[in-house]
Amino acid sequence: MKDLFNRAVSLGLGVAAQSKEQIEKAVEELVKKGEITRSESSDVVNDLVAKGQEAKRNLEVMVNERVQKLTGAHNYATKEQVEELLRRVELLEQKVFAHTTGLTGTQGQTPSGAAGDKDAAAPVEELADELQKPDDRL
């Protein structure tokens, strides 16, 4: 019986993939064949389910560690970093829209004579300076 149990445990991930019902069915077959007793069957099922859950957790940890190592090595942006950038872009769009409509009264048009004017660039520079400041709303 111990040898049979050890062979089942050595399947590792195969056990992890098995549902409790499938394990119970396999153990019931062992009881019918006389390889284990009815009283041993519930212990075997519980042990196999526990070993399967442990193997599954170990696999998840290993996969997560590998993913973290791979993504960290390539300097991918995190979800939080992308969300922060999107928030800043939206803020910039709102400020640019408010500024252009405030100057011209209409969106997207420049005031007459403002093209190439140094005064026209000043609000954009102010806006750029403001966006460099940390946002206290977070």
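Every value quoted in this text rests on a predicted model; they were computed, and no experiment measured them.
Here the CD atom belonging to E83 is positioned 10.5 Å from the CG atom belonging to L85, to the nearest 0.5 angstrom. Remark: S41 OG to E35 CD distance equals 13.5 Å, nearest 0.5 Å. To the nearest 0.5 Å, atoms CG (N46) and CD (E24) are separated by 8.5 Å. To the nearest 0.5 angstrom, R88 atom CZ is 13.0 Å from E90 atom CD.
Applying the 4.5 Å side-chain rule to ILVMFWY residues, one finds V82 in the same cluster as L86.
Between R87 and E84 a salt bridge is recorded (basic side-chain N to carboxylate O distance below 4.0 Å).
Contacts of E21 classified as side chain to side chain donor-acceptor pair (under 3.5 Å), with partners at least two apart in sequence or in another chain: S19. Scored by the side chain to side chain donor-acceptor pair (under 3.5 Å) test, R66 finds no partners at all (sequence neighbours excluded). By the side chain to side chain donor-acceptor pair (under 3.5 Å) test, E28 is found to be paired with R38, residues two or more places apart in sequence or in another chain being considered. Considering only residues two or more places apart in sequence or on other chains, Q81 meets the side chain to side chain donor-acceptor pair (under 3.5 Å) condition with T78. Shown here are the side-chain contact (heavy atoms from CB on, under 4.5 Å) partners of V61, two or more places apart in sequence or in another chain: E65.
In this structure a side-chain-to-backbone donor-acceptor pair under 3.5 Å is present from E40 to T37.
When each of I36, I23, L30 is tested with V44 by the rule side-chain contact (heavy atoms from CB on, under 4.5 Å), just one qualifies, namely I36.
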Pair Q53-K56, side-chain contact (heavy atoms from CB on, under 4.5 Å): steps then yes or no | CA-CA 5 Å; Q53 289 171 345; K56 182 179 177 183; 5.5 Å; no

